Structures are given as structure tokens and as C-alpha cells.
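In each ligand, atom 1 is the first atom listed, and ligand 1 is the first ligand listed. Since the model is a prediction, treat every value here as computed from it, not as a measurement.
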Amino acid sequence: MSDSPTPNPPPASTRLALHWKVLIALAIGIALGSILHYGWTAETWKSLGVVDVKPFLAGKESDANAGAGFGAHAAKFAVDACSFVGKLFLLALRFIAIPIILSSMILAVASLGDIRKVGRIGLKTITCFAITLVVAIVIAIGVVQIVKPGKFVTPEAKAKLLGDFSGELATKMQAGAAAQNQTIWSFLLDIIPANPIAALATGNMLQVVAIGFLVGVGLTMIPREKSTPVVAFFDGLSSTMMELVRLIMACAPVAVFCLITQTVTNLGFGSLASVLLYCLCVIGGLAIVLLIEYPILIMLMTPRSAGMTPKKFFAGLSPAITLAFSSSSSTATLPVTMACCRDRLKIPASIVNFVCPMGTTINMDGTALYQVVSVVFLSQLYGMDLSATQLLTVGVMAAVVAIGAPGLPGASVIMMAVVLESVGIPTEGIAIILAVDRLLDMSRTIVNVAGDAVACVVVAGWEGALTPNSERQQPEPIGPG
Ligand code: ASP
């Protein structure tokens, strides 16, 4: 590659920052998706010669669609291209997630130098995760018990949702069967992989965090001349992956547009009406966590001199927030969350490398809140009044699920059966909330991601490692533009 400068690059100030481009793409995608969902009907396909839409879009030959003309094929190409770009973008982010978690964790622990410091920061991190988790669960119980959304669903709407989504539920339950058979002991034993290579190959996040942690601890205990080359290798790997994040994020506006257009086109907003109050409870609870709990924590736990205001926090984290919303995956968002914390919020790499990978794996306040609101909502819908002990059980089980759930789209719904069964609520009730899960998934993923960044800020504050206000500069862009 030549080093010669690009002729007349536009001045930085006139270029739109990446997060604005992503936000604009998000808004256009939602608008276009709504138009397509409500405007592009079976009649539209018929006018293009497509009678049986599903097999046509799946690329299957069918006599009914023999009359499909150029317009129909062009529309199918647009749908396929949109899906391809969205999937490619998420794959690219997932591709770098494992190497980033592994190398970051190893570097973080090794750079702390001695095992006591690892223990201290580890304890602070877990304390912060626990505080935010408990508060999120308390908020969830408060909101759902005050509003009682389950009492407002009509029996007809309940029967319709149960019928419409029972097929999808069966598929999800199969995927979640393994989670239901787990006890807390087997869950803990599962964290240590018998075969680290297999854990890396299958992408078991919690095990990858454990491998990184243990290798990092080992590196602090051997002579420096032996550990230096290993640390240098993982340092190089980590820097390479972070550069790839910048490259991938340059495509974010297009990818976010494709992802959101697809989601809204497929789902629309129709199913929202009958469970609107439930959705408002989840979104309201998430908003309280995001806009009240987190800012209070940031203000209380960081020294004034660091100048870490909630406004600065959200401005710095905005690329990760928009990506979390459009991808519904905190694992896919992890590389961007780390880049935001390090480059825009100026949190030391040693803390970001330690807190973020661990947080993505076990710190999911949004997921816990969602579990509690959903389970209590279903209990109200089935006319069961939960006792205080049962509410406590729901809270504890929701915390366990939030720790164990992978940061992937729809992960919570699969694992909800565990919480429902703990208090004897019929698991087929999940069908009722499946209809609106995507929107709620996008929203809770924002909180999951923001919770990790909050933990980074708080732990850095406790360690006295936040960049003082006077030395803080404008947020750095992620990716070109
Ligand atoms: N989609 C969420 C995440 O990636 C997990 C969940 O389903 O709650 O953080």
C-alpha cells in the first residue's frame, strides 16, 4: 500500500461521524421496513406473477410461481442481498469475538502483574456486576407488580398468540432443552473446559473467558523472559483484531440498514397491540436502568475530577449502542464496545480488556430485567398470584439465566423455560411473548452492552484510573469517517 496522502481529503469537521451515519441508516431502515411490511402485500407479489411467496423467496421451484417476471426476481434479489449483507456483517464481528475475548483476557490478567491485583480488580468487577444486576431485578419486580400488564390481555388475544406461535415455540424449546437440565453445580463445572481447543473451536464464551483468565494467571507466575514472547503474541493478535473492528465498522451504516429493514419488514408492529402494556413495562424498566440507574452509578462511583458525566458516557458509547440495537447481540457488539471504552471513553486498556469480555459473558442486566417482567407477566396472565418467596425465586433464577445466557439474538427466550418452571408457570406461555421478542431483544441488548461499559467506568473510577477531565479529548471516531 502506498503512503501517499489521498488528494484533498474532506476536512474532518465536515464529515459526518460514523454513529450519525448509523443512526440515519437505522431510521431509514425502520421507515422502509414499515412501508414494505404494510405496503408490499400478497397482492403486490401476485401482480409480479408470484402466487406462493414463501417457496419463491426460499428459491424453490413451484408451478404456481411459473409466471414470475423480472420485477419479482429483482425484488427477490434485493431481499437476498439485504439478508446477505446483514449476515456477513454479523459474521465478521462474531469471527473476531473469540480471538478478542481470549487475547484481551490474557493481556488484562498478565498486565496486572501479580495475582493479588487480579483478585482485587476481579472482585471489584464482580461487585459492580452484582450491584447493577440486583438493582435491575428490583426495578423489574417493581414495574411489573405496579402496572400488572398480565391482567389487561383479553382471553381472545391470549388464545390467538398461543396458537400463532406454538410452532416456533416447539423449535425454540428443543434448542433450550440442554439449559433446562443444568443444575448450578453442573453450570459451574462447565466453566472449565476439559479441552481448551474444543472450547475455542465451539465458541463457548464462558469457557474462553476462563481459558484467558487461567493462562493470564499462569503468565504472571513464570519468569519474565518466558512470559514476554507469549504476551507479545497476544498483544499483536489483539491489536490486529481491533484494527479489523475499525474496518468492519466502516460498513456499519449499510449493514445496520439491511438488518433493521429486514426485521421490520418481516415483523411489522401488528402483534404489539395485544401485549402493548407488557412491552411498555419491559421498555420502561430498561429505560429506568439505562437512564437512571447507570447515570447515578457513574456520578456516584467516579471522582468529579475525571469528568465522566452520563452525557459524555452515552456520547462515547453511541456506536456500540446503535450496533447493539440493530444486531441484538452483545457478543457481536463486544469489539465495538471495547473500542468505545478504550478510545472514546479513555478507560485504560488493562481494565477494558478485563471487564468487557467478562461482562459480555456474565453481566446481562437487560436480560435479567426482561426475564423477571416476562415471567411475572405470564403468571398474571394465567391468573397465578406469585408469593414473595416465589418472586424471590424468579429474581434468583433470572439472575442465573442472565449469567448463563449467551450474548446472541433471542438467547433469553430459549432459557426462559427454566425460570417459568421454577415457579410452576406453563412453559407454552412463551408463545405469547415470542411475537414481540425481537423488539424487546434489541432493547435489552442495549442495556446489556451499556452495563458492561458502566462496569468499566466504575471499576476504573474505583482504581483511580480514569483520565482526568483536563486531559480528555473529543471522542475518537471508530472506523473511517
Ligand atoms: N440478545 C441478548 C444479548 O445479546 C441476549 C438475550 O436474548 O437477552 O445480549
Side-chain angles (χ1 to χ4, degrees), residues 86 89-91 93-94 96-98 100-101 129 132-133 136-137 139-140 168-169 171-173 175-176 178-179 203-206 208-209 256 259-260 263 267 278-279 281-283 285-286 289-290 294 317 320-338 340 355-375 377 394 397-420 430 433-455:
F89 179 72
L90 291 183
L91 261 181
L93 285 169
R94 296 271 302 279
I96 54 178
I98 294 282
I100 283 195
I101 292 183
F129 288 169
T132 56
L133 180 67
I137 290 175
I139 291 172
E168 196 177 327
L169 177 67
T171 326
K172 299 247 176 200
M173 285 297 99
N204 184 321
M205 298 294 176
L206 207 51
V208 176
V209 168
V256 162
L259 287 167
I260 205 80
T263 307
L267 300 178
Y278 154 72
C279 294
C281 280
V282 176
I283 292 174
L286 292 172
V289 172
L290 190 71
Y294 290 167
L317 197 65
I321 288 180
T322 32
L323 183 58
F325 185 72
S326 40
S327 70
S328 291
S329 170
S330 37
T331 301
T333 312
L334 172 70
V336 182
T337 315
M338 291 178 71
C340 287
V355 178
C356 280
M358 205 193 273
T360 304
T361 325
I362 62 172
N363 182 41
M364 294 198 178
D365 301 338
T367 296
L369 180 139
Y370 165 78
Q371 293 280 336
V372 172
V373 174
S374 304
V375 170
F377 162 73
V394 170
M397 291 308 291
V400 172
V401 165
I403 293 169
L408 299 173
S412 278
V413 175
I414 296 175
M415 298 180 79
M416 190 181 291
V418 186
V419 192
L420 287 171
I430 297 177
I433 52 180
L434 269 179
V436 286
D437 184 58
R438 184 66 190 203
L439 173 72
L440 302 181
D441 195 6
M442 291 154 86
S443 313
R444 66 184 179 254
T445 306
I446 292 182
V447 172
N448 289 346
V449 166
D452 300 338
V454 167

Enquirer: Out of all atoms in ligand 1, which are within 4.0 Å of some heavy atom of Asn448? Include the element for each.
Expert: 2 (C), 3 (C), 9 (O)
Enquirer: Under a 4.5 Å cut-off applied to non-hydrogen side-chain atoms, are Ile283 and Leu440 in contact?
Expert: yes
Enquirer: Which one of Asn363, Thr367, Leu369, Asp441 has a non-hydrogen atom at the shortest distance from atom 1 (N) of ligand 1?
Expert: Asp441
Enquirer: So for ligand 1, is Pro406 a polar contact partner (N or O within less than 3.5 Å, distance only)?
Expert: no
Enquirer: Under 4.0 Å from a heavy atom of Ser330: which atoms of ligand 1 are those, numbered in the order shown and with their elements?
Expert: 3 (C), 4 (O), 9 (O)
Enquirer: Is the shortest distance from a heavy atom of Ser329 to ligand 1 less than 4.0 Å?
Expert: yes
Enquirer: Would a 4.5 Å heavy-atom cut-off, applied to side chains only, mark Val401 and Met416 as touching?
Expert: no
Enquirer: Using a strict 4.0 Å cut-off to heavy atoms of Ala411, name the atoms of ligand 1 that fall inside it.
Expert: 7 (O)
Enquirer: I'd like to check the side-chain contact (heavy atoms from CB on, under 4.5 Å) partners of Ala453; sequence neighbours left out, ordered by chain and number.
Expert: Phe313, Leu317, Cys341
Enquirer: Find all atoms of ligand 1 within a distance of less than 4.0 Å from any non-hydrogen atom belonging to Gly410, and give their numbers and elements.
Expert: 7 (O)
Enquirer: Ignoring hydrogens and geometry beyond distance, is a side-chain donor-acceptor pair present between Tyr370 and Ser443 at under 3.5 Å?
Expert: no
Enquirer: So do the side chains of Thr367 and Met415 get within less than 4.5 Å of each other, counting heavy atoms only?
Expert: no
Enquirer: Give the contacting part of Ser412 toward ligand 1: side chain, backbone, both or neither, where contact means a heavy-atom distance below 4.0 Å.
Expert: both
Enquirer: With rounding to the nearest 0.5 Å, note down the distance linking CG in Leu323 to OG1 in Thr445.
Expert: 10.0 Å
Enquirer: Please work out whether any backbone atom (N, CA, C, O) or any side-chain heavy atom from C-beta onward of Val413 is under 4.0 Å from ligand 1, and answer side chain, backbone, both or neither.
Expert: neither
Enquirer: So, is Gly407 polar-close to ligand 1, with some N/O to N/O distance under 3.5 Å?
Expert: yes
Enquirer: Hey, does the side chain of Asp365 reach the backbone of Ala136 with a donor-acceptor pair shorter than 3.5 angstrom?
Expert: no
Enquirer: Could you go through the side-chain contact (heavy atoms from CB on, under 4.5 Å) check for Val282 and Phe377 one step at a time?
Expert: CA-CA 10 Å; Val282 176; Phe377 162 73; over 6 Å; no
Enquirer: Could you check atom 5 (C) of ligand 1 against the protein and tell me its nearest heavy-atom contact, residue, atom and distance included?
Expert: Leu408 O, 3.6 Å
